[in-house]
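Worksheet: one structure, shown below.
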Amino acid sequence: MKLITDIVTDILTKAVIESFGDTIDKNEIAIQFTKDINLGHLQTNIALVSSKKLLKNPREVAQLIIDNISTGEVIEKLEIAGPGFINFYLNPKFISLYINDFNPSSWTYDLDIEQGTTVIDYSSPNIAKRMHIAHLRSTIIGDSIKRVYKFLKRKVVADNHLGDWGTQFGKLIVGYKRWLDKDAYNENSLEELERIYVKFEQESANDETLLPEARAELKKLQDGDEQNKALWQDFIDTSIKEYNKLYKRLDVEFDTYWGESYYFDSMPLVIDELISKNIAKESQGALIVEFDESENLHPCLIRKSDGATLYATSDLACIKKKMETYDLNKLIYVTDDRQSDHFKQFFRVSEMLDWNVNNIHVSFGLMKFADAHFSSRKGNVIRLETLLDEAESRALKIVEEKNPDLSTEEKKEIARVVGIGAVKYSDLSQNRSSTFVFDWDKNLSFEGNTSPYLQYVYARIQSILRKADFDNSIKQDLVFSTEIENKLVLQLTKYHSIILKTAETCKPNIIADYIYELAQMFNTFYNAINIIKSEGIEKHSRLVLINKVADTIKSGLDLLGIEVLDRM
Ligand code: ARG
């Protein structure tokens, strides 16, 4: 199967070659969906962009191209519009076949897609601390990109690059040995680790022996002391166990949990390579990589004068390790934009090393709260768990008002799907580059560009289909006579191109915008036309159409990691 844009591009390309040979560069031939069905389904500006070279006026060029396109199976009609656009109207028979076969939830196109493995590094919290809302965006944006890549049948590895190394472990070990409450640790390990960490900070303000003790414990750990290593491993295991509870709630899964420590063995190799290739140099006892002034980047610190390695060193070692492990094509890192310079630095170093990998930093702005209760606390102290609990309990209140007759269990399940969905959608529907304001009332509203609205439209379509006893297995030629039906058809045909664009830009809001527009079109259609009362082939066509609309909403939401329900 082929994308509609590809089918029409092929037809157009043939005609352009027949008209002008290779005077026109094939790469300039582009087809776009129209915004308005009254301009046909697709449009090209090729006549406009090539008219200069051909020394002809654009409308004349357009006419010469059109003369070489025969209408029929795929194209019903062609038109020249405005200064020289060519508009394509698809044949209703072709549309009927297309819509009958349209399966939004699977990728059936034989495109020459990316080769090699893409590793997506996301969530990546620092061990021994509970996850805070600051981790939310990375976790769900990364997960959505992973879903899109999987959908496109690309090879993808989801990696959780845990912060499992650093000075905090010396302090934790001291705290553990001195103050640990075993029962509390068994009950809620991360809470207890946080408590002893805070206690360490408090106590060390008055007790000067504590910091040196922590440094000594850290050194023992780094030198391979059995007891300290066992403790450190326990902190990691225990943290991952806690994180997994949240990941499960968010329906997020990882293939690997390779923390910073995983790359130790590769670090000396990277340092050797940097030195032997004359890329890194000594500066006041430290090892650094300097950049050209034009790059406007601070030097990248590789090794401190005391021999300690740094964040960038482990990230470079991480690339090396991944190149050895996979037939690596791309590395995508999802973090907030405060780390942008760090990524620019080691990406540049990786280029200087001639490493053949495409590094991409998918960055995002911070999340703020509109609501006083949450905004009065600093972002880093709102726990992710608290946020999710709050979302579900607010959703439950709404469900209780709307549907008091449902069983407690049903209400809870709806509240879970609506609550978690609302949190995810509020984030993913924003252009990730900007800061976004989290607003409970807006996110949980059943109106506007929200997840509850989309879930509700989905459930409403299911209820219409039930009422109409719709039989999905009947295959008949479809007819779409009204403008709004044809708008819906046009919107559906865009779906798979939208997913490709999302993968290209790593911007899930493209999918969100698309399904929101689709849902609004459906509502216009639903308000204008009584589907249940229509008859014969018209009724069947309309039911098929709304069934595909529902499937598309479901598939789009799934790519955002959001569930739907048949009844709400
Ligand atoms: N652990 C880091 C943090 O919490 C994020 C790691 C991102 N990934 C990476 N390869 N640097 O800020």
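Ligands are counted one by one from 1 in listed order, and the atoms in each one are counted from 1 as well. Since the model is a prediction, treat every value here as computed from it, not as a measurement.
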**Message:** Checking Phe254 against Tyr122 for the ring-ring contact (aromatic ring centres under 6.0 Å, His included) test, could you report, in this order, the C-alpha distance in whole Å, the side-chain angles of both residues, the deciding distance, and whether it holds?
**Reply:** CA-CA 9 Å; Phe254 294 92; Tyr122 61 104; 4.8 Å; yes
**Item:** Test side chain to side chain donor-acceptor pair (under 3.5 Å) applied to Tyr263 and Asp315, step by step
**Value:** CA-CA 8 Å; Tyr263 306 103; Asp315 265 326; over 6 Å; no
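Screening Glu242, Glu385, Glu194 for a salt bridge (Lys or Arg N to Asp or Glu O under 4.0 Å) involving Arg130 leaves a single residue, Glu194.
Here Asp315 has side-chain heavy atoms under 4.0 Å from ligand 1, and that is the only part of it that gets that close.
Comparing heavy-atom distances from atom 4 (O) of ligand 1 across Gly163, Ala312, Ser124 singles out Ser124 as nearest.
Checked by distance only, ligand 1 and Asn126 come closer than 3.5 Å through their nitrogen or oxygen atoms. In terms of polar-atom proximity, Tyr333 is not counted as a contact of ligand 1, lacking any N or O under 3.5 Å from an N or O of the ligand.
Listed by chain and residue number, Asp223 satisfy the salt bridge (charged side-chain N to carboxylate O under 4.0 Å, His left out) test with Lys219 (two or more places apart in sequence, or in another chain).
For Tyr311, the heavy-atom gap to ligand 1 drops under 4.0 angstrom.
Atoms of ligand 1 found under 4.0 Å from any heavy atom of Gln339, numbered from 1 in the order shown, are 3 (C), 12 (O). Close approach to Thr335 involves these atoms of ligand 1, each under 4.0 Å from a residue heavy atom: 7 (C). Close contacts of ligand 1 with Asp121, meaning ligand atoms under 4.0 Å from a residue heavy atom, involve 7 (C), 8 (N), 9 (C), 10 (N).
Within a 6.0 Å sphere centred on CD of Glu324, heavy atoms belonging to other residues, nucleotides or ligands number more than 12.
Counted by atom type alone, Asn160 and Tyr243 present zero donor-acceptor pairs between their side chains at under 3.5 Å.
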